[in-house]
Amino acid sequence: MKPEDFEYLARFLKESSGLILGKEKSYLLESRLTPLVRKWGLSGLDGLIAEVRKSGNKELRREVVEAMTTNESFFFRDNRPFDQFRDLVLPHLMKARASSRRIRILCAACSSGQEPYSLAMLLEESNLDLKDWKIEIIGTDISTEMLEKAKKGLYSQFEVQRGLPVKMLVKYFEQVGDRWQIAKVLRDRVQFRYSNLLESTSELGQFDVIFLRNVLIYFDQPTKSQVLTRMSKQLAPDGFLYLGGAETVLGVSDRLQLMPGQRGIYCLKDTAKAATG
């Protein structure tokens, strides 16, 4: 790949999705974009890049972004965040929202839906009295392909073996051919929407819990700051924001702070102590 072509695609991807691609990742561009060359009947990567440069070909430009976006996800990923949600976050919010009996949860960059569905299963398994409570779970992603998969709730044997307890597989999934489909009651509990983290999501409203895990690691510092600023504005004053284990707000956002004694959970400044009380 010509250096100027790589530089163009790297710039295009950053502007479109926030993804930072170093020169050492040129092999990644070639491996992930080659299938698009075949799909569109183009004359190699040169032909594909020439088409991407034509701003009118919005479909191809979208598919290039989707091909380069990391869609790594699995059920109950890392476990600890879900334990925290069950044992700390949910009980606190039920007490704080006793009058409205409503809780809103956002799973940003949810890929193929395993994170929001894990939360839905956790709610089904909860010993707390959730009768008459309205708990909304919204999963968003930049990939329309992943969102369609998430809506169907169909997963391969490999996907359901990654993090999903056997008892939950048996209880909440039905085998369909060589794949597994999550129960309709759980599919109905989760809404999936298209969203680009580089753009405003204010139309989705305010959330009590925002999961933004393992996303910021792909962005540069200014983009991380912009995303966290937007997310913090949509977080309820006493809400909770989750980041991945390798992510932090230090040096990135002055609006959020780590909850005392809780790795990976952040609150708006001056509310973290109240949330643990």
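With side-chain heavy atoms closer than 4.5 Å counting as contact, directly or through intermediates, F74 stands alone and belongs to no larger hydrophobic cluster. Within the hydrophobic cluster formed by Ile, Leu, Val, Met, Phe, Trp and Tyr side chains joined at under 4.5 Å, directly or through other members, V166 is accompanied by V170. Here M146 is tied to no hydrophobic group at all, with no ILVMFWY side chain closer than 4.5 Å.
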Listing, residues 1-15 side-chain donor-acceptor contacts under 3.5 Å, not counting sequence neighbours, or none:
unit_1 : atom_1 : unit_2 : atom_2 : d
Y8     : OH     : V52    : O      : 3.4
K14    : NZ     : D220   : OD2    : 3.3

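Using modelled atom types and a 3.5 Å distance limit, the side chains of R193 and Q191 yield a donor-acceptor pair. The closest side-chain donor-acceptor pair between E174 and W180, if any, does not fall under 3.5 angstrom. Between the side chains of T201 and E203, no donor-acceptor pair is found at a separation under 3.5 Å.
Using modelled atom types, no side-chain atom of S225 and backbone atom of Q221 make a donor-acceptor pair closer than 3.5 Å. The backbone N or O of T144 sits less than 3.5 Å from a side-chain atom of E66, completing a donor-acceptor pair. With hydrogens and angles ignored, the 3.5 Å screen pairs no side-chain donor or acceptor of R189 with any backbone N or O of L119. The backbone N or O of L147 sits nowhere less than 3.5 Å from a side-chain atom of D141 that would complete a donor-acceptor pair. In this structure, S232 contributes its side chain and T229 its backbone to a donor-acceptor pair below 3.5 Å.
With sequence neighbours left out, the salt bridge (charged side-chain N to carboxylate O under 4.0 Å, His left out) criterion links E136 to R102, R104. A search for salt bridge (charged side-chain N to carboxylate O under 4.0 Å, His left out) contacts involving D208 returns R97, not counting sequence neighbours. For F207, there are no ring-ring contact (aromatic ring centres under 6.0 Å, His included) partners at least two apart in sequence or on another chain. For the side chain to side chain contact (heavy atoms under 4.5 Å, CB included) test, residues two or more places apart in sequence or in another chain that qualify with T248 are L250, Y266. Every residue two or more places apart in sequence or in another chain that forms a salt bridge (charged side-chain N to carboxylate O under 4.0 Å, His left out) with D188 is listed here: K184. T140 pairs by the side-chain hydrogen bond (donor to acceptor under 3.5 Å, both in side chains) definition with nothing, not counting sequence neighbours. Taking E59 as the reference, R62 meet the salt bridge (charged side-chain N to carboxylate O under 4.0 Å, His left out) condition, with sequence neighbours excluded. Residues that satisfy the side-chain hydrogen bond (donor to acceptor under 3.5 Å, both in side chains) test with E247, not counting sequence neighbours, are absent from this structure.
Remark: R179 does not engage E159 in a salt bridge, criterion side-chain N to carboxylate O under 4.0 Å. Between E125 and K171 there is a salt bridge, since at least one side-chain N of the basic residue sits less than 4.0 Å from a carboxylate O of the acidic one. Taking 4.0 Å as the cut-off between side-chain N and carboxylate O, E115 and R213 count as a salt-bridged pair. Between D83 and R80 no salt bridge is recorded (no basic side-chain N to carboxylate O distance below 4.0 Å).
The shortest side-chain heavy-atom distance between V209 and Y242 falls under the 4.5 Å cut-off. Between I265 and L241 there is no side-chain heavy-atom pair separated by less than 4.5 Å. Between L197 and I142, every side-chain heavy-atom pair lies at or beyond the 4.5 Å cut-off.
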Steps toward salt bridge (charged side-chain N to carboxylate O under 4.0 Å, His left out) verdict (R230, E199)
CA-CA 9 Å; R230 278 193 288 270; E199 301 169 356; over 6 Å; no
Decide side chain to side chain contact (heavy atoms under 4.5 Å, CB included) for L212 and L228; before the verdict, give the C-alpha distance in whole Å, the side-chain angles of both, and the deciding distance to 0.1 Å.
CA-CA 9 Å; L212 185 67; L228 283 176; 4.1 Å; yes
Before you tell me yes or no, could you show the steps for S112 and Q114 under side chain to side chain donor-acceptor pair (under 3.5 Å), namely the whole-Å CA-CA distance, both residues' side-chain angles and the distance that decides it to 0.1 Å?
CA-CA 6 Å; S112 44; Q114 286 94 322; 2.7 Å; yes
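The shortest heavy-atom contact between I182 and M121 is CD1-CE, 4.3 Å.
Among the candidates Y155, Y117, Y172, F158, the single residue satisfying the ring-ring contact (aromatic ring centres under 6.0 Å, His included) test with F75 is Y155.
Here the straight-line distance linking atom CG of L122 with atom CZ of F85 works out to 6.5 Å at 0.5 Å rounding. Put simply, CD1 on I105 and CD1 on I210 are 11.0 Å apart, with the number rounded to the nearest 0.5 Å.
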